[in-house]
J.: 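Have a look at the structure that comes next, please.
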Amino acid sequence: MPVLKPNPTLSDFQDYVKQIVQERGFTDNTVLQNSLLLGEEVGELFKSIRKQEGLKTETNSKVSLVSEEIADIFIYLCTIANYYKIELEKAFRDKEKINQERSWT
């Protein structure tokens, strides 16, 4: 079983996700499948937020915690980044350089 080290870097998270994908037998999932699963998790996050904010939700539907749904989204995001060999930290820093040059109104 993979172990996530204390105080992990973003790269550590990506490596850990790569290991759990293999261990749990999801290596055959395509990037399309993972993208669709990511979309489903975003929907579950929205439902969880609706419940947290006291908005109407279906009474019989299972609603997880916001933190759990965000974690699921992060796992799929790492999985998709790993598929394309994208280092998330580098991608984040590169995009922030672009964003810092933008005007925000």
J.: Between atom CD of Gln22 and atom OG1 of Thr27, what is the distance when rounded to the nearest 0.5 Å?
T.: 7.0 Å

J.: If you compare all heavy atoms of Phe13 against all heavy atoms of Leu4, which two are closest, and at what distance to 0.1 Å?
T.: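 Scanning both residues completely, I find the closest heavy atoms to be CE2-CD2, 3.3 Å.
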
J.: Using a 6.0 Å cut-off, check whether atom CD of Gln52 has over 12 heavy atoms from anything other than its own residue.
T.: no

J.: Does some side-chain heavy atom of Trp104 sit less than 4.5 Å from a side-chain heavy atom of Asn99?
T.: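 In short, these two side chains touch, coming nearer than 4.5 Å.
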
J.: Could you report the tightest heavy-atom contact between Thr57 and Lys47, atom names first, then the distance?
T.: CG2-O, 4.0 Å

J.: Would you kindly confirm whether Ile70 and Leu38 end up in one hydrophobic cluster when ILVMFWY residues are joined by side chain heavy atoms under 4.5 Å apart?
T.: yes

J.: Kindly compute the distance separating CG (Asp15) from NZ (Lys5), expressed to the nearest 0.5 Å.
T.: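 Rounded to the nearest 0.5 Å, the CG-NZ separation comes out at 8.5 Å.
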
J.: If you measure from CD1 on Ile80 to CG on Asn34, what distance do you get to the nearest 0.5 Å?
T.: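 Rounded to the nearest 0.5 Å, the CD1-CG separation comes to 6.0 Å.
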
J.: Taking all non-hydrogen atoms of both residues into account, name the closest pair between Val31 and Tyr84 and its distance.
T.: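 Heavy-atom minimum between the residues: CG2-CE1, 3.5 Å.
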
J.: Where do Ser48 and Val66 come nearest, in terms of heavy atoms and distance?
T.: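 Between these two residues, the closest heavy atoms are OG-N, 3.0 Å.
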
J.: At their closest point, which heavy atom of Lys90 faces which heavy atom of Asp94, and how far apart are they?
T.: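 Minimum heavy-atom contact is NZ-OD2, 2.7 Å.
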
J.: May I ask you to check whether over 12 heavy atoms, not counting those of Glu87, lie within 6.0 Å of atom CD?
T.: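 No.
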
J.: Under the criterion side chain to side chain contact (heavy atoms under 4.5 Å, CB included), which of Pro8, Pro2, Ser11, Cys78 is the partner of Tyr16?
T.: Pro2

J.: Check the side chains of Thr9 and Asp12 for a donor-acceptor pair under 3.5 angstrom, ignoring hydrogens and angles.
T.: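 Short answer, yes.
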
J.: Which value, rounded to the nearest 0.5 Å, describes the distance between Phe46 atom CZ and Glu41 atom CD?
T.: 12.0 Å

J.: Check whether Tyr76 and Val42 end up in the same hydrophobic cluster, where Ile, Leu, Val, Met, Phe, Trp and Tyr are linked by side-chain heavy atoms less than 4.5 Å apart.
T.: yes

J.: If hydrophobic clusters are built from ILVMFWY residues whose side chains come within less than 4.5 Å, do Ile20 and Leu10 share one?
T.: yes

J.: List the atom of Leu45, the atom of Glu69, and the distance in Å for their closest heavy-atom pair.
T.: CA-CB, 3.7 Å

J.: Go through the structure and list residues passing salt bridge (Lys or Arg N to Asp or Glu O under 4.0 Å) with Glu89, not counting sequence neighbours.
T.: Arg93

J.: Count I, L, V, M, F, W, Y as connected when their side-chain heavy atoms are under 4.5 Å apart, and connections chain through other members. Are Val17 and Leu37 then in the same cluster?
T.: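 Val17 and Leu37: separate clusters.
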
J.: Group every Ile, Leu, Val, Met, Phe, Trp and Tyr by side-chain heavy-atom contacts under 4.5 Å, then state whether Val21 and Ile86 land in the same group.
T.: no

